[in-house]
Number of protein chains: 2
Amino acid sequence: MNYANKAWDGLAALGDPTRREIFERIAIRPSAVGELARGLPVSRPAVSQHLKVLKAAGLVSEQAQGTRRIYRLDPRGIGAVRDWLDSHWATAMTAFQDYADRQHDQEAGT
Amino acid sequence: MNYANKAWDGLAALGDPTRREIFERIAIRPSAVGELARGLPVSRPAVSQHLKVLKAAGLVSEQAQGTRRIYRLDPRGIGAVRDWLDSHWATAMTAFQDYADRQHDQEAGT
DNA sequence: CACGTTAGTAAGTCATGGCTTACGGTAAGC
DNA sequence: GCTTACCGTAAGCCATGACTTACTAACGTG
């Protein structure tokens, strides 16, 4: 139960729509900064700043290739957020089931 | 592959730390608005507004109980975000594996 | 039936953070 | 070595959105 820390950073990072867009493009294909910026309605420095946040959250990793920096998905950070959500999803499922059962019992009881 | 829509709303909603805090408290135990506000450093209307966003994203559901509104987790919205993340996590894993293999082959080749 | 409790909405304030331009710095190519 | 391409950081601007107070509404209780 310590995905909480990393999961929070990840969720905070994925809260911005532009960052989600960048994230999804990287998911399709690892890309360099300028390459990403060319397909987006924001400037290249803006993309750089977003990548910095995504990297700090552990969602993407960077690899130098000449003067280019190739960004790709980082399974670790993504996995942390996934686990956090999965845990809450399971909680929600059982809670919902219990709730539905109780409703049913109440109706049957009267 | 249409969790994208709901997942985006969910991620946008969970981007705010106060909303995540509210979300986690509801996960522990379904609660009314005032009850939540009492344990948080923000006013009751602020909590109301956050719950509105969470509900619109399909992450929580509301049930009237007298003048009180009980909020509980909604598995549907949470599941959508979970699936979105799970999908990208799987992508990241295989991509990372491929990348590692290629690095290894390159080293062996020389 | 009035009062107290609970909660959503409106309006307005203010800070967070996303964006831009400008700059500096590194690696490849001629 | 000089130029070109690629990228991160700094500084500053500005809009989004989170928060507050005030108001209105609905339900239960004495």
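Here the structure is a predicted model, which means the values were calculated and not measured. Naming convention: chains lettered A, B, ... in sequence-line order (proteins, then strands); numbering from 1 in each chain.
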Chemist: Using side-chain heavy atoms (C-beta onward) and a distance below 4.5 Å, is A:E62 in contact with A:V60?
Modeler: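 No, too far: nothing below the 4.5 Å cut-off.
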
Chemist: Can you tell me the distance, in whole Å, between the CD atom of B:E35 and the C1' atom of C:dT5?
Modeler: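 Atom-to-atom, B:E35 to C:dT5, this comes out as 14 Å.
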
Chemist: Does A:R20 have any salt bridge (charged side-chain N to carboxylate O under 4.0 Å, His left out) partners at least two apart in sequence or in another chain, and if so, which?
Modeler: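 Result, salt bridge (charged side-chain N to carboxylate O under 4.0 Å, His left out) vs A:R20: none returned.
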
Chemist: Tell me, which pairs form a ring pair (Phe, Tyr, Trp, His ring centres under 6.0 Å) where one or both residues lie in residues 13-45 of chain A, sequence neighbours left out?
Modeler: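 Sorted result for residues 13-45 of chain A: A:F23-B:W84, A:F23-B:H88.
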
Chemist: Rounded to the nearest Å, what distance is computed from the CD atom of residue A:E21 to the P atom of nucleotide C:dC19?
Modeler: 12 Å

Chemist: Regarding B:A32, tell me which of base, sugar-phosphate or nothing describes its non-hydrogen contacts under 4.0 Å with the strands shown.
Modeler: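 Since only primed, P, OP1 and OP2 atoms lie under 4.0 Å of B:A32, the category is sugar-phosphate.
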
Chemist: Return the value, rounded to whole Å, for the distance between atom CG of A:L36 and atom P of D:dC6.
Modeler: 13 Å

Chemist: Just the table, please: protein N/O against nucleotides 15-25 of chain D N/O, every pair under 3.5 Å.
Modeler:
{"unit_1": "D:dA18", "atom_1": "OP2", "unit_2": "B:R19", "atom_2": "NH1", "d": "3.1"}
{"unit_1": "D:dC19", "atom_1": "OP1", "unit_2": "B:T18", "atom_2": "OG1", "d": "3.1"}
{"unit_1": "D:dC19", "atom_1": "OP2", "unit_2": "B:H50", "atom_2": "NE2", "d": "2.2"}
{"unit_1": "D:dT20", "atom_1": "OP2", "unit_2": "B:S43", "atom_2": "N", "d": "2.7"}
{"unit_1": "D:dT20", "atom_1": "OP2", "unit_2": "B:S43", "atom_2": "OG", "d": "2.7"}
{"unit_1": "D:dT20", "atom_1": "O4", "unit_2": "B:Q49", "atom_2": "NE2", "d": "3.1"}

Chemist: Specify the separation, in whole Å, of atom CG of B:L51 and atom P of C:dA7.
Modeler: 10 Å

Chemist: Under 4.0 Å from OP1 or OP2 of D:dC6: is there any side-chain N or O of A:Y71 that close?
Modeler: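 The answer is no; no side-chain N or O of A:Y71 sits under 4.0 Å from OP1 or OP2.
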
Chemist: If you look at every heavy atom in B:G10 and B:L59, which pair is closest and at what distance?
Modeler: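 That would be O-CD1, 3.8 Å.
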
Chemist: Could you work out which one of C:dA27, D:dT9, C:dT9 sits closest to the side chain of A:S48?
Modeler: D:dT9

Chemist: Going by atom type alone, with no hydrogens or angles, which donor-acceptor pairs under 3.5 Å involve a side-chain atom of residues 46-54 of chain B and a protein atom two or more places apart or on another chain?
Modeler:
{"unit_1": "B:H50", "atom_1": "ND1", "unit_2": "B:R19", "atom_2": "NH1", "d": "3.3"}

Chemist: I need the full list of ring pair (Phe, Tyr, Trp, His ring centres under 6.0 Å) pairs touching residues 57-77 of chain A, with sequence neighbours left out, sorted by first then second residue.
Modeler: none

Chemist: Report the residue (A:Q65 or B:R68) whose heavy-atom-nearest nucleotide on DNA chain C is the more 5′ of the two.
Modeler: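 The residue closer to the strand's 5' end, by nearest nucleotide, is B:R68.
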
Chemist: Provide the closest heavy-atom pair for B:R68 versus B:A32 in the form atom of the first, atom of the second, distance.
Modeler: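 That would be NH2-CB, 3.9 Å.
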
Chemist: Are any of the side-chain heavy atoms of B:D86 and A:D86 separated by less than 4.5 Å?
Modeler: no

Chemist: Enter the inter-axis angle for the ends of the helix from C:dC1-D:dG30 to C:dC30-D:dG1 (five pairs per end, rounded to 10°).
Modeler: 20°

Chemist: With respect to the phosphate group of D:dT9, does any side-chain polar atom (N or O) of A:K52 fall under 4.0 Å of OP1 or OP2?
Modeler: yes

Chemist: Heavy-atom count around B:R72 CZ within 6.0 Å, excluding the residue itself: above 12?
Modeler: yes

Chemist: Please state how far atom CD in B:E62 lies from atom P in C:dT6, giving the value in whole angstrom units.
Modeler: 16 Å

